Chemist: 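Below you'll find the structure I mean.
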Amino acid sequence: METKHIHSPAYHYLLRAGPRLKPLQQVHAYIILSGSGQNRSLLTKLLTLACAARSIDYTRRIFFSVSNPDSFLFNTLIRTTSKACAGLSASKHGRIVHGQVLVSGYGLDVYVQAALVSFYAKYCDLGNARKVFDKMQERSVVAWNSIISGYEQNGLAKKALGLFDKMREAGFQPDLATFVSVLSACAQVGAVGLGSWVHEHVIGNGFGLNVMIGTSLINMYARCGNVKKAREVFDSMKEKNVVAWTAMISGYGVNGYGVQAVELFHQMRRSQAIPNNVTFIAILSACAHSGLVNEGRQAFSSMREYHLVPGVEHHVCMVDMLGRAGLLDEAYEFIKETVSKEAAPAIWTAMLGACKMHKNFGLGVEVAERLIAVEPENPGHYVMLSNICALAGRMDRVEVIRNTMIRKRLKKQVGYSTIEIDQKTYLFSTGDKCHPETSKIYQYLDELMWQCKEAGYLAVVDSVMHELEEEEREYALRYHSEKLAIAFGLLKTISGTTLKIVKNLRMCEDCHSAIKSISVVTNREIVVRDKLRFHHFRNGSCSCQDYW
DNA sequence: CTGACAGCGG
């Protein structure tokens with residue numbers, strides 16, 4: 001065939017054309033003219049470049065020009081389509097490619113199926129990913145990894161862990177990639193039991209701690225509230241890159257160990273590793289959560305030493321840090337001076353949080369109204385404004401806000417808490433009555449709250465349910481998801497066991513104060529991870545020192 | 001340039 005002598009120059013031209021569409025099309029036309037239009041390596045290269053040019057249409061046109069696509073080309077197509085559409089109507093393009101796969105009879109090709117699974121998973125279409133996965137007659141470890149990581153990356157950690165069990169039941173040996181995803185899922189739901197099992201398994205099977213698994217373990221232990229163990233893993237790592245340092249710093253941060261985070265950050269600066277943007281987010285948020293204002297300011301200004309430009313997230317941390325510390329004016333000045341005039345909503349949201357915390361009604365209302373103007377569909381802003389008004393005793397405005405929310409059909413995010421007992425995870429939502437032992441749990445909780453009251457606990461009814469009477473408000477607070485999870489945990493574990501709860505939202509003030517009291521009455525250590533950070537309750541006080 | 005499908009940190 002002629003293809004031999006055209007082969008090498010065509011490649012040369014293709015590379016020169018690069019990812020620009022016009023030249024690419026010209027070279028493609030030339031290739032077709034020379035009779036090499038069906039040469040597979042040229043087609044693969046064309047697809048790659050079309051994808052780099054972000055032209056989904058051209059990607060597909062090249063593809064349909066192939067007379068006999070094989071498994072390899074299908075794979076390239078799926079991969080390039082995935083990159084070229086970069087989220088834009090991805091599931092539509094996915095289905096088109098998928099259709100073509102089925103028509104061509106490659107619907108049962110293991111590699112093609114695995115590629116489809118990861119395509120759908122990457123674009124949050126877990127339903128279709130799962131459908132393809134379930135149809136697979138032969139599954140590879142990689143296919144299992146694709147679906148597990150798909151669930152994990154889309155926040156469906158429990159599903160990911162469920163599939164991990166199924167994978168092992170099916171007799172597959174998980175590999176390092178599996179463990180990375182599984183550890184990430186454990187971190188999400190606080191499943192330290194399973195996480196430690198993975199740790200032992202990895203060591204026992206002689207995989208050794210590479211930097212990736214090590215980092216995943218640090219993250220898992222830290223996000224399960226076990227900072228000591230995280231640090232042990234960190235210290236045992238031979239090779240530490242930026243990611244590992246960052247994971248450890250942020251681990252200290254979310255657990256409220258600001259001083260240790262700063263110390264480690266300085267140690268990092270003296271080491272070979274160079275901090276990046278993410279490292280600075282970790283250290284700044286650690287400072288914010290521990291009230292280390294000066295250290296935070298220093299870290300922020302040291303960013304330029306590394307030629308890093310602070311982004312929205314760094315600004316959010318700074319405003320949060322200043323705001324929490326009560327330096328509202330300075331936070332406001334920071335936004336006006338350091339951040340451009342059009343500060344991102346997230347920055348104002350941090351400012352708003354500070355206004356609520358320090359009960360600054362005037363500024364709070366101003367900021368909230370500004371936020372609502374920019375993001376009228378975000379229920380969080382209305383809830384914040386309503387809470388601020390309630391704290392200021394402006395019940396008339398609370399009522400108006402509530403009605404607006406109802407009119408706009410905006411709902412508060414539903415809160416839930418999980419607790420892991422004997423490697424099983426239990427989920428509770430507010431006022432949950434799904435658990436088979438509901439009545440026992442509620443009865444125990446009532447009893448417990450009675451004991452807490454005797455010990456001096458007072459319900460903090462300030463910022464909730466303003467339309468209710470005092471007594472009803474207290475009742476509404478009593479069955480918050482974290483309280484239910486704690487009651488269940490106390491019933492199910494022997495005395496002395498530390499309880500670990502993971503909550504998807506921030507804890508309310510009442511729960512915070514109730515749990516402090518519960519830790520005394522039951523003489524238990526209770527660890528709650530909320531949306532932002534950890535609270536370690538012991539002997540009536542919390543590691544956050546009421547600073548959150 | 002006969003190979004592909006999976007994978008960490010705020």
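Just so we're clear, the structure is a prediction, and the values are computed from it rather than from any experiment. Just so we're on the same page: letters track the sequence lines, and every chain starts at 1.
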Chemist: Can you find a heavy atom in the side chain of A/Ser216 that is under 4.5 Å from one in the side chain of A/Phe179?
Modeler: no
Chemist: What's the verdict on salt bridge (Lys or Arg N to Asp or Glu O under 4.0 Å) for A/Lys229 and A/Glu232, showing C-alpha distance, side-chain angles and the deciding distance?
Modeler: CA-CA 5 Å; A/Lys229 204 84 181 143; A/Glu232 274 173 35; 3.7 Å; yes
Chemist: Sub-3.5 Å donor-acceptor pair from the side chain of A/Ser36 to the main-chain atoms of A/Ile32, do we have one?
Modeler: no
Chemist: Students often get this wrong, so: under 4.0 angstrom with heavy atoms, is A/Asp175 touching a base, only sugar-phosphate, or nothing?
Modeler: base
Chemist: Could you tell me how far B/dG9 sits from B/dC5 if I compare only their C1' atoms? Round to whole Å.
Modeler: 25 Å
Chemist: Contact class for A/Ser184 vs. all strands (heavy atom < 4.0 Å): base, sugar-phosphate, or nothing?
Modeler: sugar-phosphate
Chemist: Please report, rounded to the nearest Å, how far the P atom of B/dG9 is from the CG atom of A/Asn277.
Modeler: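 Interatomic distance, CG of A/Asn277 to P of B/dG9: 16 Å.
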Chemist: So A/Gln153, base contact, sugar-phosphate only, or nothing? Heavy-atom distance under 4.0 Å.
Modeler: sugar-phosphate
Chemist: With the criterion set at under 5.5 Å between ring centres and under 30 degrees between planes, would B/dA4 be stacked on A/Phe72?
Modeler: yes
Chemist: Using a cut-off of less than 4.0 Å, is there contact between a side-chain N or O of A/Arg40 and OP1 or OP2 of B/dT2?
Modeler: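 False: A/Arg40 side-chain N/O out of range (4.0 Å or more) of B/dT2 OP1/OP2.
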Chemist: Is it true that A/Phe265 and A/Trp245 have ring centroids separated by less than 6.0 Å?
Modeler: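 No - the distance between ring centres of A/Phe265 and A/Trp245 does not fall below the 6.0 Å cut-off.
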Chemist: Could you check whether A/Thr44 gets within reach of a base, just the sugar-phosphate, or nothing at all, counting any heavy atom under 4.0 Å?
Modeler: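 Here A/Thr44 touches the bases of the nucleic acid.
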Chemist: Would you classify A/Val112 as touching base, sugar-phosphate or nothing, given that sugar-phosphate means primed atoms plus P, OP1 and OP2, and contacts are heavy atoms under 4.0 Å?
Modeler: nothing
Chemist: Work out how far the P atom of B/dG7 is from that of B/dG3, and round it to whole angstrom.
Modeler: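 Nearest-Å result for B/dG7 against B/dG3 at atom P: 22 Å.
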Chemist: Between A/Thr215 and B/dG9, is there a contact of a side-chain N or O with OP1 or OP2 at under 4.0 Å?
Modeler: no
Chemist: Does A/Asn219 make a side-chain N or O approach to OP1 or OP2 of B/dG10 shorter than 4.0 Å?
Modeler: yes
Chemist: For the base of B/dA6, is there a side-chain donor-acceptor partner from A/Thr178 under 3.5 Å away?
Modeler: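 Per atom types, no contact qualifies.
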Chemist: Without decimals, in angstroms, what is the distance between A/Glu152 CD and B/dC8 C1'?
Modeler: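 My rounded result for the distance is 10 Å.
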Chemist: Taking B/dG10 as the reference, what is the distance to B/dA6 when you measure between their C1' atoms (whole Å, please)?
Modeler: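 Each nucleotide's C1' atom is 24 Å from the other's.
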